Amino acid sequence: MTATTTGAETATTTGTETATSPVTTAAIPTVTGAVGTAHTRVEGRDKVTGAARYAGEIPFADLAHGWLVLSTVARGRIGSVETAPVLAMPGVLTVLHHKNAPRLHLDYIGLLGVRPDPTAAVFQNDRVAHAGWPVALVVAETSEQAREAAEALVVTYEQEPHDIDFRGDRPDAFTLDGHMPAVTEKGDLDAELAASAHVVDVEYTTPEEHHAMMEPHAATARWDDGRLDVVDSNQGTTWVADELSRMFSLDASAVRVRSEHVGGGFGSKGVRAHQVSAVMAATALRRPVRVVLNRRQMFSLTGYRSPTAQRIRLGADADGRLRALEHRSLSQTSTVWDFVEPSAGVARVMYDAPAHRTAIEAVRLDVPSPTWMRAPGEAPGAFALEAALDELAERCGVDPIELRLRNEPERGPVSGMPFSGHNLAACFREGARRFGWAGRDPRPGLRREGNLLIGTGTAAASFPAGAGPSTAAVTAEADGTFTVRIAAADIGTGARTALTLVAADALRVAPARIRMRIGDSDFGPAMIAGGSTGTRSWAWAITVAADELRERLAGEAGIPAEGVTVRSDTTAALGALAQKERHSFGAQFAEVAVDVTTGEVRVRRMLGVFAAGRIVNPLTARGQLVGGMVWGISMALHEEGIRDRASGGHYGGDLAGYHIATNADVPVVEADWVDDPDPDDPVGIKGIGEVGIVGAAAAIANAVWHATGVRHRSLPIRPDRILTAGGPHV
Ligand code: MOS
């Protein structure tokens, strides 16, 4: 994401201090209104009764169905696409591939500040850059006919040797700027390490991880009276409409993208091969075309979290005060489009030291480009950093919470900027009290219940609190209701409901009088559901429009039949925000039981206490935070995308082979928060989408050490790793 779209990322770059922010704490309404009270989802009944339609099931007259054909080789060139036999199959309408597909315009930088990903911009040349590369789209009258023909399509390749070998010691690793600079450094690392009473120098690894949201990617494209109309499942209709208009050289006003209900996104639902190929086919056939991905295709077409290898070096005085901190992270990217998982970025926020170095590195392999995935950077980064802090606490003989409090930075360790709020200590205090941390024996491997070893662990969390420019329209209707239109996305978060509460308070009316319409690019530009910025960005725009509408209505006798509409645009207000370190924080706690005979680790209970701005809807907020923590359990113990060296593709690239924490893996997980309104936001919001996963895996790994006395530095902590790691208990 670009510096212009989120305050969070600009806070990590050096910028000039601008005017003070236009909003102060005094402006935050303290009256108990709708915001802050639990509210069930406004679309909940529609979802549980099936009345809510998802992109892949909305009916269209004369609909044709496309099925993507993916490469079976990991590197090479397409020799031939033998379309003739397939075109003779029942129902088949066309086969699109690199020889007959329209040329796309790809020389642009999109709204998120990056060039288009060639894996999404399909069929532009004969190069195959990874296993599962899209090579053709077969379109037929029914989905079954399209799939059968796609599976029958013969494509020949000139195969080349591929390299998918991700390792921490790759000699071809290089520093790579993503949405933040690759390297920051100050002080003399070696000198401070040499002068330290305690040193930790360790490597951590995390595997390839996949978004695995419930609803697969699906899009229907059609031409409607000269306009391209795309019904999709995405995290931002503004974003997808912008990319499609640029790729197909269409006027922005000629493209409409809708995405009303979304069954999860987690960073993966941007512009992908399914929308682009659907538009190509709808244009060629002059009828609506739907392309739905299946679960296996999603493993290669929709992004993932890169594996990481992270080296952490910490040096501290006898009392645990840091003298040196180095965090180096390596991730992989493809040969065609760079994405870097900025795992070392979290160290730029969390801890300061006289010598401080962070480096974000990448290696280019014959794999798909990774992408944003829930807490990109922070999730794997905090696993490594917060586990290393635990190792340092052990060396120093200092309680892990006390060690963190002793190392709280006064200002941004790298930026030098003040924090807009830094309520980590409050999270640890409240969390320690509720979890029962006091009196914990720090020695590992002592608590035994039969075959089980019991341990507890903790870790800190942080995630940037940003906002992006958005527009909104609020209409006072003649019947006394209000309609809000904003191109927001509710990807399962509860954003639609949160925004209803925000609008109700801003208009001083009951939530039942608000009609919230989202997910339509025709509503004007708005921030995506990404970077935990969605609800804050949209709430800001709605609040501005609603405030002005309320003032305007105060002088009106009645509402005309067409209603009264006020539009807002937060671009200028966001641009005037002072440069600060803006983050949510949290304290994660976990208790685990490790079975020394089977190697199984089970989380017994988890608690997360967060300082994440004003909480708009406690019901859905708790769901977001608990969901993040459950993902942390999954990351710590289960998830691992494994590539086959020979084919370059996945073993078990489906939900049978790719293990995710399910109900039986999830014990009592509690999430709560401390009072932490953002002083520079009209509603006091910071954003809660991602902070819940951060630190969760570290808390579990630290608890596994406390249980067993063995440090597990590679995720997931599988039974075989427990059984083969040795340690005092075997
Ligand atoms: Mo999120 S990974 O910014 O959808």
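Scope of the values below: all heavy atoms of this structure, side chains included, with no hydrogens, waters or symmetry mates. Read the numbers this way: they start at 1 and go in the same order the structure lists the ligands and their atoms. Since the model is a prediction, treat every value here as computed from it, not as a measurement. Residue indices begin at 1 and follow the sequence shown.
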**Message:** Quick check: do S259 and Q235 have side-chain heavy atoms less than 4.5 Å from each other?
**Reply:**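 No, their side chains stay 4.5 Å or more apart.
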Per-atom contacts, ligand 1 versus [X] - under 4.0 Å to a heavy atom:
| X | value |
| --- | --- |
| R374 | 2 (S) |
| G531 | 1 (Mo), 3 (O) |
| P376 | 2 (S) |
| W372 | 2 (S) |

**Message:** Quick check: F383 with Y204 (ring centres under 6.0 Å apart)?
**Reply:**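 For Y204 and F383, the ring centres are under 6.0 Å apart.
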**Message:** With a 6.0 Å cut-off on the ring centroids, do F463 and H583 count as close?
**Reply:** no
**Prompt:** For A611, does its backbone N or O pair with a side-chain atom of N423 as donor and acceptor, under 3.5 Å?
**Reply:** no
**Request:** Examine ligand 1 and decide if any of its atoms is less than 4.0 Å from a heavy atom belonging to E690.
**Result:**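 Distance cut 4.0 Å: E690 passes for ligand 1.
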**Prompt:** Hey, does G265 sit under 4.0 Å from ligand 1 if you only count heavy atoms?
**Reply:** no
**Request:** May I have all residue pairs that pass side-chain hydrogen bond (donor to acceptor under 3.5 Å, both in side chains) and include part of residues 623-633, sequence neighbours excluded?
**Result:** W631-E639
**Prompt:** Hey, does A375 come in under 3.5 Å of ligand 1, counting only N/O atoms on both sides?
**Reply:** no
**Asked** Below 3.5 angstrom, do we get any N/O pair linking Q235 and ligand 1?
**Response**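 In this structure, Q235 places an N or O atom under 3.5 Å from an N or O of ligand 1.
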**Asked** Looking at residues at least two apart in the chain, or sitting in another chain, which of them share a salt bridge (Lys or Arg N to Asp or Glu O under 4.0 Å) with D522?
**Response** R227, R256
